[in-house]
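Scroll down for the structure; my scribbles are underneath it.
Just so we're on the same page: letters track the sequence lines, and every chain starts at 1. Because only heavy atoms are used, hydrogens play no part in the values below, and waters and symmetry mates are left out as well, while side chains stay in. All values reported here derive from a predicted model rather than from experimental measurement.
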Amino acid sequence: MRFTRISKAVAIGATAALALSACAANTGGTSNSSSAGSEGAGNGGEVRVVEVNAFSSFNSNTAKGNVDINSKIAYATGTAGSHFNYIDNNLKIVKNDKFGKYEVLSEDPLKVKYTINEGVNWSDGEPMNADDMVFAWAIMSGHFNDAKTNDAGEVTSGTNYFDYAGTTDGLGLTDVPEIGDDNRSVTLTYSKPYADWEISFDVLTPAHVAAKKAGMSTEELTKLLTTLPKGDPANPVKPNADLQKVAKFWNTGYDTKSMPTDKSLYVSGGPFIVDKIVPNQSMTLVRNEEFTGGPIPKVDSIVVRYIGEAPAQVQALKNGEVDIIAPQASADTLEQLDALGDQVVVEKGDQLSYDHLDLNYSGVFKDPKVREAFMKTVPRQQIVDTIIKKLNPEAKPLDSQLFVPANDGYEESAKNNGSANYQDADIAGAKKLLDGKTPTVRLMYNKDNPNRSDSYSLIAASAKKAGFKVVDGGLGASEWGSALGTGTYDATIFGWISSGVGVSGVPQIFGSGSSSNFNKFSSKEADALMDELIVTTDKAKQTELQVKIDKLIWDSYYGLPLFQSVGVDAYSSDIEGVKYMPNQTGVWWNFWEWNLKK
Amino acid sequence: MVTYIIRRLVTAVLILLGASFVVYQLTAAAGDPLEDLRASNAPNKDQLIAQRVALLDLGTPPPLRYFKWLGGAAQCVVPFVGKCDLGLAINGEPVADALGRAMGQTILLITAATVLAIVIGIALGIITALRQYSTLDYSVTFMAFLFFSLPIFWIAVLLKEFGAIGFNDFLRNPVFSPTSVIITAICMGIVVVLFMSGSVVRRLIGFAIGAAVTAGLMVALSATGWFRAPGLGPILILVFGLGVAYLITQLTAGIKNRKALYSSLIMVPIGLIAYYVLNPMFSNITGWGVLGLAVVTILVGCAVGYFMGGFDRGQSMRAASLTAFFVAGLVLLDRFMVEWPNYFSNGRIRGRPIATIGSSTPNLEGNWWIHNLDNFTHLLLPTIALLLVSLASYSRYSRASMLEIMQMDYIRTARAKGLPERTVVMRHAFRNALIPLATLVAFDIGGLIGGAVITERVFAFTGMGNLFVASLLPIPDPNPVMGVFLITGLLALVFNLIADLAYSVLDPRVRVKA
């Protein structure tokens, strides 16, 4: 009886189950995402790039907005120059004749004419023309500023209009531009030749937007900028209210973390335009359909995602969530990347930053022989082997104070400047120079930086062998910077960043009395050559002068460059066209060549 | 009571003032804001330094700068002025905006993990207390301490490697290999044994059944391609629904309470009917719609319980509405599973659904289901990581508290007067055991908003913890740090007060002395 009941129940249950399973609920017209499934509008696809810092401003040229990510976005959306020319990964200037042309009308006085091609427009359809160039000139020249500042950097009198983060040294030499060719060209006249003229002028943000925000027409703005008298810090005048309005908008109006409702804030002059921003998480760039002024990108959109930690970047790349990463190079990161095998392509290269050892021209090192002896003890090859080889097996010690290997003059200068004598430690030679003396050397460095600590240990150990008494003057990360140049040490290890292109940085380090000349190197001959260098516009001549200066520096036992830092990019093997770039533009430098393999 | 609260609030303000001064000075002294520029060789170095000095107001010494900041921040507490000025971050963003955004991210990241940690942690604690010194007790204790002592960044990296990358690779061809079936089956068998008590033979049978069920399930799931196109279907909803109905009745009213049991059981067919009726309308639903349906579900449960009547209507209503809620959850889950293939094949997902970073896929298009699946795949790993490390404290506290309660005289009395063990545990012991946890929970909720620095960094969430760290390094920027401090400090003090007040409400033996 019981048995039949159970079997009946089972039978009923089974039938019910069968019946029910045949009729799962109608889930409605399931929103089949065939349309949402495709990536972007065209068929170039989407590339996802990882950045560390989050976007914060559409204007990357102010002190506030001058963050790497803002500059990269501005590079892709054409609001921070790189129209007339751009810098490639060999640190060469490449002219872009699709946008316009520039020609030197005369060498002395230096006169350069910039002409924008007809039909080159901003993304809102307004033409790019002389108005934009005059506006950019006003910002980059600091022409109207008449402020004086005290030592702490506070303004004591007068006005600084544009809060421009770049140098005004070059365009500060120019007078008001002449407009010509139907408002498509300007001619800049320099009061004296300027070596880096070629990379010091370009179109920045659109003038018509700034004019509108300040309540005037574009013509009125251009008129204002071409007629207002030059500022003179000695005789400050009452600030011009109109220009202040324009400057205020330019200084702060572009700062935003989220997508602005005001479309004029992200008007683009480049191949891409910002489409969407999720604050602190991602942003999406899509093609600017108006763009004609340069190479046309192959991909339809670029998505930027922010990941701070290098291991998280590597895992996101491995999981296919992102396509291109450029993590901080460390042995661990490289090992993780190498473990990904064929799935990714890893590119390594030198960065423009390099560590160097500087000897003060005072105290124990006043005697050139002691400087020379100390330099002889520095085990440069060993330092490179210990610190850099694990990241880049092909690394070599840096052999020039002025050039990096990517520069044309490097090899010639390295051969000529005497660096060959300091390839590795020469203890015997150092002992001979010291002649039994045992000088005490206080070596200052940032002890929170592991590379600098390692360099210190190797240098100190080697110098002791030659009879130097080395005192560890290492300071914490928050202290060492302000100790620079104070004379509280005899030698220091720290880093500098080569500009890669241009020579105006040279006197900043090596010029007598310059604010980055911490060890007080001073040579009349070198000063004269540097004075000549910054007014020399001919590239070959520049290199020749730099080679001479480099030799003078080495001959005076200045100290030693140690090594260049290593940079790394990694990208999914589904992508092609990504190339390593040593400067701060990073992988973005040729974003128009990025392509998804089909 | 009122005097007590006012006194506490006044003290809180004084503490905040003092602490904010100290934190401001510490932040300002945390590093050299000009470090990178001092060693710079940029031709316009002096100009850059001047700009940074102006931006951060470095000309004013930090103690004075604090009062400038305080002047702005104090306006936040002045009523009806509506001018709240917490200053600007170094990138020009108002700190108040940055805080709002960061809090949103943090709450998103931590809410699920905390709720789950509380529920699971307490449940584990209670169960292990009831089975003190059993295999189960030892193994739960062992696991809890194991996860508690593991560094979270390491758990996170492992989870990403296996839970995301490994699982996504598996989804390309979702078939279990025989080895993995055997290993998982053995593991699940052992888990079953741990939960069992009794003779060796019984345990062996339990092991066999556990292992066999697991293996069968894995083979079936592989064979039907379940991972690519998952779903429950009406049968599983019915089976699970009945299970849920029995379990909930057992916990809330006891199986002997037939009215409650029938109320619960009635909810299962109602849920099944809803499954058929509602599913066609689901494709265009919004979050509000789902919320509305949840409310309706609970009301229907209450109504059924009410009309079933019985000597204790409340019990029937509770059992029925809880069952209704969970059955509705099953229906919802089924629908998410139905949408899964659409999500999986979305071009932006690229067939790799489980994410390792962030909270959503940029530019993902789709309906409410797709977006929620996207949130789920992004939050899954950080939630598991946070859950694992925070389980220990809840389970330990609730175990200790439960053990203490079970030794009490009134529990013996309750047993002596013949109450069923279920009533003793659920009514007399469990509720009282929760009282000490009120403090812990209040603190944790207060601490939630403070953010989880490491978890946020590893999973690339830009919450409060990240805001705090990013504002300290490389350039110390006191304004955002003070914003984070204000919020966390305020919440700590407020929740401390709430915990004290809640305690006195929950436990009549504790009285607030004014």
Side-chain angles (χ1 to χ4, degrees), chain A residues 17 20-21 24-33 36-39 54 56-57 63-64 67 149 152-154 163 165-167 169 252 255 257 276 278-282 284 303 305-309 311-312 315-316 318-321 477-478 481-482 484 494 496-497 504-505 508-509 515-516, chain B residues 30-32 34-35 38-46 48-55 59 90-93 97 101 157 160-161 164-165 168 233-235 275-276 279-283 335 338 342 345-348 350 352 355-359 362-363 365-367 370 457-460 462:
Chain A
L20 282 169
S21 64
N26 167 24
T27 51
T30 40
S31 59
N32 204 317
S33 50
S38 66
E39 288 184 11
S56 64
S57 177
K64 263 182 302 194
V67 182
T149 49
E154 290 163 326
D163 192 13
T167 174
D169 289 352
T252 59
D255 296 347
K257 287 285 248 184
K276 200 174 163 198
V278 184
N280 295 338
Q281 291 184 56
S282 67
T284 307
V303 173
R305 304 205 65 180
Y306 314 122
I307 309 176
E309 306 278 305
Q315 284 191 310
K318 187 176 180 188
N319 197 27
E321 286 168 86
S478 59
S482 37
L484 282 173
F494 66 106
W496 267 327
I497 300 168
S504 57
Q508 176 65 20
I509 301 179
S515 69
S516 297
Chain B
D32 179 3
L34 298 174
E35 187 201 333
R38 283 190 213 277
S40 159
N41 58 325
N44 57 337
K45 171 186 161 187
D46 300 329
L48 292 173
I49 290 184
Q51 282 170 339
R52 175 87 51 88
V53 166
L55 203 59
I90 194 169
N91 60 17
E93 191 190 18
D97 293 3
R101 252 195 281 282
V157 167
K160 283 184 183 187
E161 194 62 39
I165 299 166
N168 287 338
I235 308 165
Y275 162 77
Y276 282 102
N279 241 322
M281 301 177 225
F282 269 165
S283 32
R335 182 54 198 242
V338 169
N342 288 339
S345 59
N346 190 303
R348 298 204 192 274
R350 301 177 177 177
R352 300 187 68 85
T356 61
I357 48 155
S359 57
N363 309 315
E365 287 158 28
N367 55 18
I370 298 287
R457 297 287 295 180
V458 177
F459 287 103
T462 43

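- Counting heavy-atom pairs closer than 4.5 Å to chain B, the top residue among A/Q315, A/K276, A/R305, A/K257 is A/Q315.
- At a 4.5 Å heavy-atom cutoff, the contact between B/N168 and chain A is made by side-chain atoms alone.
- Within the 4.5 angstrom heavy-atom criterion, atoms from both the backbone and the side chain of B/S359 approach chain A.
- With hydrogens and angles ignored, the 3.5 Å screen pairs a side-chain donor or acceptor of A/E321 with a backbone N or O of B/T356.
- Of all heavy-atom pairs between A/S478 and B/G31, the closest is CB-CA, 3.4 Å.
- Ranked by heavy-atom pairs under 4.5 Å with chain B, the list A/A316, A/A165, A/S56, A/S282 is led by A/A165.
- Closest approach of A/A312 and B/K160 over heavy atoms only: CB-NZ, 3.5 Å.
- With a threshold of 4.5 angstrom between heavy atoms, A/V303 approaches chain B through side-chain atoms but not through N, CA, C or O.
- The contact between A/D169 and chain B is made entirely by side chain atoms (from C-beta outward), counting heavy-atom distances below 4.5 Å.
- Considering all non-hydrogen atoms of both residues, B/L55 and A/K64 come closest at CD1-CG, 3.3 Å.
- The candidate from A/P311, A/G308, A/G320 with the greatest count of non-hydrogen atom pairs under 4.5 Å with chain B is A/G320.
- For the atom pair A/T284 OG1 and B/N363 CG, the distance stands at 3.5 Å (nearest 0.5 Å).
- Options B/A460, B/P43, B/G358 differ in how many heavy-atom pairs under 4.5 Å they form with chain A, and the most are formed by B/P43.
- Among the candidates A/P279, A/S57, A/G505, the residue making the largest number of heavy-atom pairs closer than 4.5 Å to chain B is A/P279.
- Heavy-atom pairs under 4.5 Å with chain B were tallied for A/A63, A/A54, A/G166; the largest tally goes to A/G166.
- The parts of B/I357 that come within reach of chain A are both its backbone and its side chain, each placing non-hydrogen atoms under 4.5 angstrom from that chain.
- At distances below 3.5 Å, not a single donor-acceptor pair connects side-chain atoms of A/D255 with backbone N or O atoms of B/E93.
- For B/A164, the parts sitting under 4.5 Å from any heavy atom of chain A are the backbone and the side chain alike.
- Considering only residues two or more places apart in sequence or on other chains, A/S515 meets the side-chain hydrogen bond (donor to acceptor under 3.5 Å, both in side chains) condition with A/Q508, B/D46.
- To the nearest 0.5 Å, atoms NZ (A/K318) and CD1 (B/I165) are separated by 5.0 Å.
- Proximity to chain B is limited to the side chain of A/F494, based on heavy atoms less than 4.5 angstrom apart.
- Taking every heavy atom of both residues into account, B/N41 and A/I497 meet most closely at ND2-O, 2.9 Å.
- The shortest distance between side-chain heavy atoms of A/S482 and B/R38 falls below 4.5 Å.
- Separation of atoms CD1 (A/I307) and CZ (B/R457) is listed at 11.5 Å; rounding is to 0.5 Å.
- Nearest heavy-atom pair across B/R352 and A/N319 is NE-O, 2.8 Å.
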